[in-house]
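In what follows, a single structure is set out as structure tokens and then discussed.
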Amino acid sequence: MKRVFLFIIALITCTMSVRAQSDMQLSQYFLGMGYYNPAYAGTTGDLNMLGLFRQQWIGMPNAGTSFFVIADMPLKLGSLNNGIGLVVNTESIGLFQFTKVAFQYAYKQKLFGGTLSIGLQGGIYNVGFDGTKIHIPESPDHTPCRIRSGPPQHLGTSDGPRCKCRYLLHA
């Protein structure tokens, strides 16, 4: 039975996609210690909640904004000291939007006069892209120039034809 259980865990682990974190830009990152370290959950002994909002390049179109909420608290189950936490953040930069919802668990153990805390975090991370806001100009200056086969053409020099466009394509 133990082998079957280990085989199932190995199968799930090998078939799932696992990616590294993509941290949002925080100006006051030292306040949200649980965002970077899930073992911090439940460390203080009280319910802790923190909310941050950040707006970069105010007044610019598609400027970056970030919203961040984290909460954690201790949880005692029998003789075990634990901590649980929740992280919710969303960040939009240009045409991209990143959203993360994660749950945290921390196991606490007294060790050598201190406390050893081991944390685990799991959640959902979503990346969105709004392609409807892409602007492709349709002016003559943005149409590609066609270069035909034959003798080389000199673009933009005194001894050849001038081309106003910025993009060159081979025909």
Side-chain angles (χ1 to χ4, degrees), residues 1-138 142 166:
M1 181 65 178
K2 190 174 184 179
R3 282 186 173 176
V4 172
F5 181 69
L6 290 174
F7 176 74
I8 290 173
I9 289 180
L11 184 65
I12 290 172
T13 305
C14 292
T15 59
M16 292 180 63
S17 174
V18 178
R19 300 181 191 242
Q21 68 273 9
S22 173
D23 294 331
M24 63 186 269
Q25 296 178 6
L26 291 175
S27 300
Q28 299 173 342
Y29 63 91
F30 55 89
L31 294 174
M33 289 188 269
Y35 177 74
Y36 296 102
N37 186 2
Y40 183 77
T43 301
T44 61
D46 296 324
L47 172 64
N48 297 315
M49 295 182 76
L50 173 68
L52 296 173
F53 177 75
R54 178 181 148 293
Q55 200 170 16
Q56 187 174 359
W57 307 320
I58 298 172
M60 298 285 293
N62 297 324
T65 59
S66 303
F67 177 71
F68 168 79
V69 174
I70 186 169
D72 69 272
M73 64 181 276
L75 179 68
K76 187 165 179 107
L77 297 172
S79 64
L80 295 176
N81 292 324
N82 304 299
I84 57 172
L86 175 70
V87 177
V88 177
N89 69 321
T90 182
E91 181 177 35
S92 63
I93 302 172
L95 303 178
F96 287 92
Q97 179 155 357
F98 306 95
T99 305
K100 174 182 168 182
V101 178
F103 297 97
Q104 299 176 332
Y105 171 77
Y107 172 74
K108 314 259 184 234
Q109 178 66 46
K110 299 279 186 198
L111 185 66
F112 303 120
T115 303
L116 173 68
S117 181
I118 300 172
L120 180 67
Q121 176 173 300
I124 298 171
Y125 187 74
N126 183 40
V127 178
F129 180 76
D130 187 6
T132 61
K133 293 182 181 177
I134 294 176
H135 175 67
I136 301 173
E138 294 189 20
H142 292 90
R166 299 177 186 146

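Heavy atoms only: backbone and side chains are in, while hydrogens, waters and symmetry mates are out. Values in this document were obtained by computation on a predicted structure and should not be read as measured data.
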If you count every heavy atom of other residues, nucleotides or ligands that lies below 6.0 Å from F103 atom CZ, does the total exceed 12?
no
Atom OG1 of T90 and atom NZ of K100: how far apart are they, to the nearest 0.5 Å?
12.5 Å
How many angstroms lie between OH in Y105 and CD1 in I118, if you round to the nearest 0.5 Å?
9.5 Å
Criterion side chain to side chain contact (heavy atoms under 4.5 Å, CB included) against Y107, the qualifying member of N82, L116, L120
N82
Distance-minimising heavy-atom pair for G64 and W57:
N-CE3, 4.2 Å
Pairwise distance CG(L75) to CG(L77) - rounded to 0.5 angstrom
4.0 Å
Once rounded to the nearest 0.5 Å, what's the spacing between atom CD1 of I134 and atom CZ of F129?
4.0 Å
Over all atoms of both residues, closest heavy-atom pair of P38 and A106:
O-CB, 3.7 Å
For the residue pair D46 and P74, what are the closest heavy atoms and their distance?
O-CD, 3.5 Å
Output for pair (I84 CD1, L47 CG), nearest 0.5 Å, gives 9.5 Å
With heavy-atom distances below 4.5 Å as the criterion, would you say the side chains of V127 and F96 are in contact?
yes
Describe, in one word, how the ring planes of Y35 and F68 are oriented to each other, choosing from parallel (under 30°), tilted (30 to 60°) and perpendicular (over 60°).
perpendicular
For a 4.5 angstrom cut-off between non-hydrogen side-chain atoms, does Q104 reach V87?
yes
Is there a side-chain contact between T99 and Q97, using heavy atoms and a 4.5 Å cut-off?
yes
Rounded to the nearest 0.5 Å, the CG atom of L86 sits from the CD atom of Q121 at a distance of 9.5 Å
What closest approach, in Å, do K108 and S117 show between heavy atoms, and which atom pair accounts for it?
NZ-OG, 2.9 Å
Residues, nucleotides or ligands: over 12 heavy atoms within 6.0 Å of L80 CG
yes
Closer than 3.5 angstrom, by distance alone: can the side chain of D130 be matched with the main-chain N or O of T132 as a donor-acceptor pair?
yes
Where is the tightest heavy-atom contact between D72 and G42, given as atom of each residue plus distance?
OD2-N, 3.0 Å
